[in-house]
Number of protein chains: 2
Amino acid sequence: MANHDPDLTDGLFQLSFLLLSRLTRIAGDHDLSVVQVRLLGILRDREPGMLELARYLDLEKSSLSGLVDRAEKRGLVERIPSTDDRRAATIRVTARGRKLTRTVADAVHAEIDALAAPLPDADRKRLAALVWQVLPAEKK
Amino acid sequence: MANHDPDLTDGLFQLSFLLLSRLTRIAGDHDLSVVQVRLLGILRDREPGMLELARYLDLEKSSLSGLVDRAEKRGLVERIPSTDDRRAATIRVTARGRKLTRTVADAVHAEIDALAAPLPDADRKRLAALVWQVLPAEKK
DNA sequence: TATTGTTATACTCTATAACTATA
DNA sequence: TATAGTTATAGAGTATAACAATA
């Protein structure tokens, strides 16, 4: 009955795929892809240039162009031309994008809370603490 | 200094994206995509039909056709025509696919072990147990 | 009629390479 | 020359709808 020594790697990937699948569905409910949600999430508290954004998302700068194009076309973000470097622009989330970000974030939170709800409160806290301990410093 | 009450949802998604990024890189080292790795992983101990496989991967059956086509073209899997239902086929991993699956799985395991290595042994076990507790029964 | 699977089509996402404009 | 960003192109992955073959 008791899982003796369940494998950490397998469990983490099972959980990752489950979370990703939930996120994909929630994003899809708002006509967003997972990467668009990540983009919006990054823009919550930053106004990065394209190269910086590419680094955050671990994408080539060329991949960013289309991504930002599609988000801009939907009025979720805007390109703000830099005043001091006429090659550069920063990407800023619009009011509409910010609203959508909040909506999606709330839905995601509710979903994950429900997933973890069966755990006793102390275990949920322990899990959160352990997860954050595994994350490398630059992700925190 | 101490993260007081770090958010569970945020931590889990940070970790999920980190794991996914590691998996993407490892898969790419072997010219595989993440979904191809998942496909191979499922075939380790099953020989499902296309519809069954679609259900495992949470994809439309039409998406499976191309996925399996590409894997078959590389000699990683093969379509075995069903003997009792001439519409149907099962998907079987080849010897070559099995070997590649092991290689990738080993690399992934090593990578995640390294990631979790800073944790004391007891904490690693606790983390694994908690993760498995969050997973719904059908994933175990 | 229902089911298994493929095909046609369209879109998103991604990379590489070549390019433009500015520094 | 170097840097910020876009464009051209190609391919994987995905879905919807229509289809073929078999049950």
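Lettering follows sequence order; numbering is per chain, from 1.
- Regarding Asp69(A), its CG atom lies at a distance of 7 Å from the P atom of dT6(D), rounded to whole Å.
- Nucleotide dA23(D) holds its P atom 15 Å from the CG atom of Leu51(B), rounded to whole Å.
- The phosphate of dG5(C) has neither OP1 nor OP2 within less than 4.0 Å of any side-chain N or O from Arg79(B).
- For the pair Arg25(A) CZ and dA15(D) C1', the interatomic distance rounds to 17 Å; values are reported in whole Å.
- Rounded to whole angstrom, the span from the CG atom of Leu32(A) across to the C1' atom of dC11(C) amounts to 15 Å.
- Taking atom CD on Glu52(A) and atom P on dA4(D), their separation rounds to 11 Å, with Å as the unit.
- Residue Leu67(A) holds its CG atom at 10.5 Å from CZ of Arg38(A), rounded to the nearest 0.5 Å.
- When heavy atoms are screened at a 4.0 angstrom cut-off, Leu67(A) is found touching the sugar-phosphate backbone but no base atom.
- What you find for Ser63(B) and Leu59(B) is that their closest heavy atoms are CB-CB, 4.2 Å.
- Leu23(A) contributes atom CG, which lies 11.0 Å from atom CG of Leu18(A) (distance to the nearest 0.5 angstrom).
- The side chain of Ser33(B) lies closest to dG13(D) when the candidates are dG13(D), dG5(C), dT14(C).
- Going from atom CD1 of Ile80(A) over to atom P of dA4(D) covers 19 Å, rounded to whole Å.
- To the nearest 0.5 Å, atoms CD (Gln14(B)) and CG (Leu135(A)) are separated by 6.0 Å.
- At a threshold of 4.0 angstrom between heavy atoms, the contacts of Leu64(A) with the nucleic acid are absent.
- The two residues Arg98(B) and Val93(B) come nearest to each other via the heavy atoms NH2-CG1, 3.1 Å.
- Both Ala88(A) and Asp58(B) lie near DNA chain D, and the one whose nearest nucleotide falls closer to the 5' end is Ala88(A).
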**Complete:** B/S/- along nucleotides 16-23 of chain C (protein heavy atoms under 4.0 Å) is BB---BBS
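- Going from atom CG of Leu59(B) over to atom C1' of dT12(C) covers 15 Å, rounded to whole Å.
- Put simply, CG on Leu119(B) and CZ on Arg124(B) are 7.0 Å apart, with the number rounded to the nearest 0.5 Å.
- Residue Glu72(A) contributes atom CD, which lies 9 Å from atom P of dT6(D) at whole-angstrom precision.
- Closest of all the heavy-atom pairs between Phe17(B) and Leu20(A) is CE2-CD1, 4.1 Å.
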